[in-house]
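In what follows, residues are counted from 1 in the order of the sequence shown.
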Amino acid sequence: MFFSRQTNIKAKIVMQEVSIEIENPEGGSEGISRMRQPQEPLIRGLPDDIALLCLARVPREYYTVLKFVSRRWRDLVHGEGLHAHRKKHNLDETWIYALCRDKFEQVCCYVLDPNSSRRSWKQMRELPSRSLLRKGVGFEVLGKRLYLMGGCRWSEDATDETYCYDASKNSWTEANPLSTARCYFACEVLGQKIYAIGGLGLNSSVPHSWDTYDPCTNNWTSHSDGNIVPEIEDSFVLGEKIYIRCGRSAVTSQVYAVVYEPSSGTWQHADADMVSGWQGPAVVVDDTLYVLDESSGTRLMMWEKDLREWVAIGRLSPLLTRPPCKLVAVGKSIYVIGKGRSTVVVDVSNAGNGGGMMVSSSIPKLTSNDEIINCKCLSI
């Protein structure tokens, strides 16, 4: 009797241990194996926190190689912890992504590492096949992910399809669709949310609406405001507000622009004096607005908000720029990216304001005539 009771107790203990192993979050036999064997360190002989300090300083261009060292290194590169650490300690690196249209009318994407000693554009492979022939596609970056949204074709109405590129994994996946099918719309990020604004769609309400994407809930939310109009030409974020330019009025020839007020969730008419000089692609550097005036050559303008006037910074060499151009900012440098990804770099901290020819550097010329659709920066 005593032995029988003791045997039952031992059996229960064994069953409980087996149950704990099976219920391990890792799941399956792999989970059981991990419980029995201690996890290998990131770097043999070093605590993981010290190893993380070392790996966080490895240049981003070597991430593809790091993934093949071990499973733990691959998980580290793919996860959020490494990138949060790099950002916290100002170790993250910014690359520029240019969405283009080639001579076959297909969408393509190129990436540029501004810090590389061999500064040159490299083509990204394996874009989502269903987006290749679409026009009016949205293009935006949030965190370490790049989003390709909406668009249309001559044989296809506006779509709500959204694709996500994870820069740490170097792979595309299909993401939650837009709330509203749309094309030729503006995209900006404000308050860690993506805004897809205006454009054209399947019904008359689309030009007066916008969708917001919250990565915390992984959901899109739809909104509407009559002040938003179609034919959006440019947009930027300044002072925690979104500005969109909707082209010139056919009646007055004045530029029509509106600004989004997050506090009220409404769109209002933008400052007329500022809008008057918004004659080309815009970019913000250290809370200062710059515009590339392409009406005669390429001239960089700066909005002096205290003086409430536009100031000419200088002209760019016509031998280096190939309008129409797009602008992005990395640190205090503005990258002027034109047809064929011709790229001119201007350090605005040393640009001066004489209105003459500016000193700039350029990325080696390309023979391509690809049209530049949009440019964004992504840091990891």
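If you check the side chains of N369 and R322, you find a donor sitting under 3.5 Å from an acceptor. Remark: the S209 side chain and the H223 side chain contain no N/O donor-acceptor pair separated by less than 3.5 Å. A donor-acceptor contact under 3.5 angstrom links the side chains of E188 and S235, judged on distance only. In this model, no donor atom of one side chain and acceptor atom of the other lie less than 3.5 Å apart for N176 and W220. For the residue pair D370/S368, the side-chain donor-acceptor check at 3.5 Å is satisfied.
Between the R57 side chain and the L53 main chain, a donor and an acceptor come within less than 3.5 Å of each other. Looking only at distances, a side-chain donor or acceptor of E294 sits under 3.5 Å from a matching main-chain atom of C325. A distance-only check finds no donor-acceptor pair linking the side chain of S276 to the backbone of M274 [under 3.5 Å]. Using modelled atom types, no side-chain atom of W95 and backbone atom of V111 make a donor-acceptor pair closer than 3.5 Å. A distance-only check finds a donor-acceptor pair linking the side chain of K67 to the backbone of S168 [under 3.5 Å]. Between the E231 side chain and the C246 main chain, no donor and acceptor come within less than 3.5 Å of each other. In this structure, the side chain of R86 does not engage the main chain of G81 through any donor-acceptor pair within 3.5 Å.
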Practice task
In sequence, state the C-alpha distance, the side-chain angles, and the governing distance for I372 and R341, and then conclude on side chain to side chain contact (heavy atoms under 4.5 Å, CB included).
Solution key: CA-CA 7 Å; I372 304 299; R341 294 174 301 283; 3.7 Å; yes
Problem - Test side chain to side chain contact (heavy atoms under 4.5 Å, CB included) applied to I197 and I228, step by step - result: CA-CA 8 Å; I197 309 158; I228 301 176; 3.9 Å; yes
Exercise for the section: Go through I96 and W121 one step at a time and tell me if the side chain to side chain contact (heavy atoms under 4.5 Å, CB included) criterion holds. Expected result: CA-CA 9 Å; I96 301 172; W121 290 96; 3.8 Å; yes
Exercise for the section: Give the intermediate values and the outcome of side chain to side chain donor-acceptor pair (under 3.5 Å) for residues W267 and D225. Expected result: CA-CA 7 Å; W267 293 85; D225 192 308; 5.1 Å; no
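The shortest heavy-atom contact between V258 and N227 is CG1-O, 3.6 Å. Here the closest heavy-atom approach between residue S362 and residue L320 is recorded as OG-CD2, 4.0 Å. Shown here for A158 and L200, the closest heavy-atom pair between the two residues is CB-O, 4.1 Å. Scanning all heavy atoms of the two residues, the minimum distance from S131 to L148 falls at CB-CD2, 3.9 Å. Contact between P41 and L46 at its shortest, heavy atoms only, is CB-O, 4.1 Å. Pairing each heavy atom of V328 with each of V283, the nearest pair is C-CG2, 3.8 Å.
No side-chain heavy atom of C152 sits less than 4.5 Å from a side-chain heavy atom of D157. The shortest distance between side-chain heavy atoms of D214 and N219 does not fall below 4.5 Å. V255 places a side-chain heavy atom less than 4.5 Å from the side chain of R245. Between M301 and Q279, every side-chain heavy-atom pair lies at or beyond the 4.5 Å cut-off.
Atom CD of Q123 has more than 12 neighbouring heavy atoms from other residues, nucleotides or ligands inside a 6.0 Å radius. Around atom NZ of K193, no more than 12 heavy atoms belonging to other residues, nucleotides or ligands sit under 6.0 Å away. Other residues, nucleotides and ligands place no more than 12 heavy atoms under 6.0 Å from the NZ atom of K305. No more than 12 heavy atoms of other residues, nucleotides or ligands shown are found within 6.0 angstrom of CD on E240.
Summarising the hydrophobic clusters (Ile, Leu, Val, Met, Phe, Trp, Tyr; side-chain heavy atoms under 4.5 Å, direct or chained), the residues clustered with L202 are none.
Taking the six-membered ring for Trp and thresholds of 30 and 60 degrees, Y147 and Y213 have ring planes inclined between 30 and 60 degrees apart.
In summary, K332 and D286 engage in a salt bridge, as defined by a charged side-chain N under 4.0 Å from a carboxylate O. Residues D211 and R182 are paired through a salt bridge, judged by an N-O separation under 4.0 Å between the basic side chain and the carboxylate. Ion pairing between D271 and R308 holds under the 4.0 Å rule for side-chain N and carboxylate O. Salt-bridge annotation for E371 and K339: absent, with no side-chain N of the basic residue lying under 4.0 Å from a carboxylate O of the acidic one. A salt bridge links R299 to D293: at least one charged side-chain nitrogen sits closer than 4.0 Å to a carboxylate oxygen. R71 has no carboxylate O lying under 4.0 Å from a charged side-chain N of E40, or vice versa, which leaves the two without a salt bridge.
Of the options Y195, W210, F236, a side-chain contact (heavy atoms from CB on, under 4.5 Å) to I242 is made by Y195 and by none of the others.
For residues 56-86, every residue pair satisfying the ring pair (Phe, Tyr, Trp, His ring centres under 6.0 Å) rule, not counting sequence neighbours, is listed here: H85-H89.
Distance check: I380 CD1 to L91 CG gives 12.5 Å after rounding to the nearest 0.5 Å. If you take CD1 on I194 and CE on M149, they are separated by 5.0 Å, rounding to the nearest 0.5 Å. With values rounded to the nearest 0.5 angstrom, I337 atom CD1 is found 13.5 Å from Y110 atom OH.
No close placement of the Y163 and W172 rings is indicated, their centers lying 6.0 Å or farther apart.
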